[in-house]
A.B. asks: 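The structure follows.
None of the values given here were measured: they were computed from a predicted structure.
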Amino acid sequence: MANQRERSPREARDTAELAALLQDLKERSGLTYRALEEAAARRGDVLPRSTLAAVLGGRGLPRPELLAAFVRACGEGSRVDEWLEARARIAGRPPEPAGRTTAPVRDASAGPGDAPPGPEPDPGPATAAPGAATGEPPERHARRARRRLPVYAIPALATALIGLSALAVAASGDETARAVDPPAASGPPSSALPPDGYVRLRPVSAPQFCLTDGRVTDGRYTPLVAVQDPCSTVAPQSTTLESLGGDSYRIVWHHPDYGKGCLKVLNEGTGRGLLEPWEDCSRSSRFHAELSGPPGGNTFVLRVDGQGCVGIRDGSPDAGAEAVMGRCTAADHQIFVIDPI
């Protein structure tokens, strides 16, 4: 990049060219989507990874406040006005001032009446409805702006994960059965394994919901995390279990726009205990999928060594409730139906 001429936002003639210049700016910054989101948060801005990925993909003009937050996060705060002028010219509107008079990007979950932080439709004749490129329902597209990213983010959020081995039932009745390492030559029986390929993860306590990405309901943590939401709203995001050998798996989210994210159990900070999709899958968590019923069944406990089992916060029956790590109890909210898709 050092020997490549830096292009000015004044050269952008339409939404696609502006998106390409923004992508150049991201590459010059050397920051990932996650790092940009965190840099914006330190400045008091909100820069959702999922929304940013849509903007850099040319799916619409970024809103002025999001554009300003992105440019500042890239370390070029002195050029915010230049970018805002280019955006206003393409949109055919007077430019909005940058500085601190521009409201920080707001999370669409902040409350009724708050403008979503996502991209505005392309003003040209080829404008499509949000999510139309992937068949995403409008309500799902709007929720992605308030999240899950990652890459988000997705990221996507968090369906949970699986692997399996031969089971040894724990002596204590209030503890979840623990997996026993299978003989190296045989491996776990196929009747004790979750299904291959694309799956959905549904808590037994609320089987109409699937694990996906969303925002923490109390707002204490900004990035996307795993939550339960109606299975009908998850598409086009999809979930796979990536084998790590034995009974260990990564829980992987895929989205045609936001990319790949692997669930990571957070161990510290305000997000402690939550599951976040990370772009760097090598740093994600290893999940054990332990059969919770008879052989051949499809209900599993998702366990992480030394951290506990995945469950829905307080056993909540509500949409948007977060998936959290806790002491293994074998309660219904810690047991997941794993269905093949």
A.B. asks: CZ/Arg200 to SG/Cys210 distance, rounded to the nearest 0.5 angstrom?
C.D. replies: 5.0 Å
A.B. asks: Please examine the side chains of Val337 and Pro207, heavy atoms only from C-beta on, and report whether any two atoms are closer than 4.5 Å.
C.D. replies: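 Contact flag for Pro207/Val337 side chains = no.
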A.B. asks: Between CG of Leu18 and CH2 of Trp83, what distance do you get to the nearest 0.5 Å?
C.D. replies: 6.0 Å
A.B. asks: Taking all heavy atoms of Ile90 and all of Thr15, pick out the closest pair and write down the distance.
C.D. replies: CG2-N, 3.9 Å
A.B. asks: State, with a plain yes or no, whether a side-chain heavy atom of Gln307 is found less than 4.5 Å away from one of Asn267.
C.D. replies: yes
A.B. asks: Dump the intermediate steps for side-chain contact (heavy atoms from CB on, under 4.5 Å) on Cys74 and Leu36, then the final yes or no.
C.D. replies: CA-CA 7 Å; Cys74 287; Leu36 286 167; 3.8 Å; yes
A.B. asks: Is a donor on one side and an acceptor on the other found under 3.5 Å between the side chain of Arg87 and the backbone of Pro62?
C.D. replies: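 Such a contact is found between Arg87 side chain and Pro62 backbone.
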A.B. asks: With a cut-off of 3.5 Å and sequence neighbours excluded, list every side-chain donor-acceptor pair involving residues 311-323.
C.D. replies:
| unit_1 | atom_1 | unit_2 | atom_2 | d |
| --- | --- | --- | --- | --- |
| Arg313 | NE | Glu322 | OE1 | 2.3 |
| Arg313 | NH2 | Glu322 | OE1 | 3.3 |
| Ser316 | OG | Asp318 | N | 3.1 |
| Glu322 | OE2 | Thr217 | N | 2.7 |
| Glu322 | OE2 | Thr217 | OG1 | 3.1 |

A.B. asks: Looking at CD of Glu82 and CD of Glu76, how far apart are the two atoms once the value is rounded to the nearest 0.5 Å?
C.D. replies: 9.0 Å
A.B. asks: Are Val265 and Phe287 packed together at the side-chain level, in the sense that at least one heavy-atom pair is separated by less than 4.5 angstrom?
C.D. replies: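 Val265 vs Phe287: side chains touch.
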A.B. asks: Got Leu241 and Ile251 here, is their nearest side-chain heavy-atom distance under 4.5 Å?
C.D. replies: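 Of all side-chain heavy-atom pairs linking Ile251 with Leu241, at least one is under 4.5 Å.
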A.B. asks: Starting from the C-alpha separation in whole Å, work towards a yes-or-no answer on side-chain contact (heavy atoms from CB on, under 4.5 Å) for Val304 and Arg286.
C.D. replies: CA-CA 6 Å; Val304 176; Arg286 300 168 68 97; over 6 Å; no
A.B. asks: Mark yes or no for whether Arg89, through its side chain, and Ala12, through its backbone, hold a donor-acceptor pair below 3.5 Å.
C.D. replies: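 Flag set: sc Arg89 to bb Ala12 pair under 3.5 Å.
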A.B. asks: Give the intermediate values and the outcome of side-chain contact (heavy atoms from CB on, under 4.5 Å) for residues Val227 and Thr212.
C.D. replies: CA-CA 6 Å; Val227 303; Thr212 185; 4.3 Å; yes
A.B. asks: Between Leu67 and Leu84, is a side-chain contact (heavy atoms from CB on, under 4.5 Å) present by the stated rule, with each step listed?
C.D. replies: CA-CA 7 Å; Leu67 177 59; Leu84 290 177; 3.9 Å; yes
A.B. asks: Looking at every non-hydrogen atom in both residues, tell me the closest pair between Glu17 and Asp14 and how far apart they are.
C.D. replies: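 The answer is N-OD1, 2.9 Å.
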A.B. asks: With distance as the sole test, does Gln334 use its side chain to make a donor-acceptor pair with the main-chain N or O of Arg327 at under 3.5 Å?
C.D. replies: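 Side chain of Gln334 to backbone of Arg327, a donor-acceptor pair under 3.5 Å: yes, one is there.
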A.B. asks: Do Glu276 side-chain atoms and Leu266 backbone N/O form a donor-acceptor pair below 3.5 Å?
C.D. replies: no
A.B. asks: Given 3.5 Å as the limit, does a donor-acceptor pair link the side chain of Glu11 with the main chain of Ser8, or not?
C.D. replies: yes
A.B. asks: Transitively linked via ILVMFWY side-chain contacts under 4.5 Å: Leu201 with Phe209?
C.D. replies: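 Different clusters: Leu201 never reaches Phe209 through Ile, Leu, Val, Met, Phe, Trp or Tyr contacts under 4.5 Å.
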A.B. asks: Give, for atom NE2 of His254 and atom SG of Cys262, the distance between the pair rounded to the nearest 0.5 Å.
C.D. replies: 7.5 Å
A.B. asks: Would a 4.5 Å heavy-atom cut-off, applied to side chains only, mark His255 and Pro236 as touching?
C.D. replies: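 When only atoms from C-beta onward are counted, Pro236 and His255 do touch, with a gap below 4.5 Å.
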A.B. asks: As an exercise, state the distance from CD of Gln228 to CZ of Phe336, rounded to the nearest 0.5 Å.
C.D. replies: 8.0 Å
A.B. asks: Heavy atoms, side chains only, cut-off 4.5 Å: are Leu211 and Thr239 in contact?
C.D. replies: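 Not touching, per the 4.5 Å side-chain cut-off.
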A.B. asks: Ile338, Leu263: one ILVMFWY side-chain cluster at the under-4.5 Å cut-off?
C.D. replies: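 In one cluster with Ile338: Leu263, yes.
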A.B. asks: Looking at Asp218 and Arg220, is there a salt bridge between them, counting it only when a charged N and a carboxylate O are closer than 4.0 Å?
C.D. replies: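 Answer for the salt bridge query: yes.
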A.B. asks: Heavy atoms only: give me the nearest Ser248-His288 pair and the separation to one decimal.
C.D. replies: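 Smallest heavy-atom distance, with atoms named: OG-CE1, 3.6 Å.
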A.B. asks: Can you name the nearest heavy-atom pair linking Ala40 to Leu47, along with the distance?
C.D. replies: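 That closest heavy-atom pairing would be CB-CB, 3.6 Å.
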A.B. asks: Restricting to non-hydrogen atoms, name the atom on Ala330 and the atom on Ile335 that form the minimum distance, rounded to 0.1 Å.
C.D. replies: O-CD1, 3.6 Å
A.B. asks: Cation over ring, Lys26 on Tyr33, under 6.0 Å and within 45°?
C.D. replies: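 Verdict for Tyr33: a cation-pi partner in Lys26.
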A.B. asks: If you look at every heavy atom in Arg72 and Gly77, which pair is closest and at what distance?
C.D. replies: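 Closest pair (atom of Arg72, atom of Gly77, distance): CG-CA, 4.0 Å.
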A.B. asks: Would you call Arg202 and Asp339 a salt bridge, using N to O less than 4.0 angstrom?
C.D. replies: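 Yes.
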A.B. asks: Are any side-chain N or O atoms of Arg303 and backbone N or O atoms of Glu290, one a donor and one an acceptor, separated by less than 3.5 Å?
C.D. replies: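 The answer is no, because no donor-acceptor pair under 3.5 Å joins these two groups.
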A.B. asks: To the nearest 0.5 Å, what is the distance between SG on Cys309 and CG on Leu302?
C.D. replies: 8.0 Å
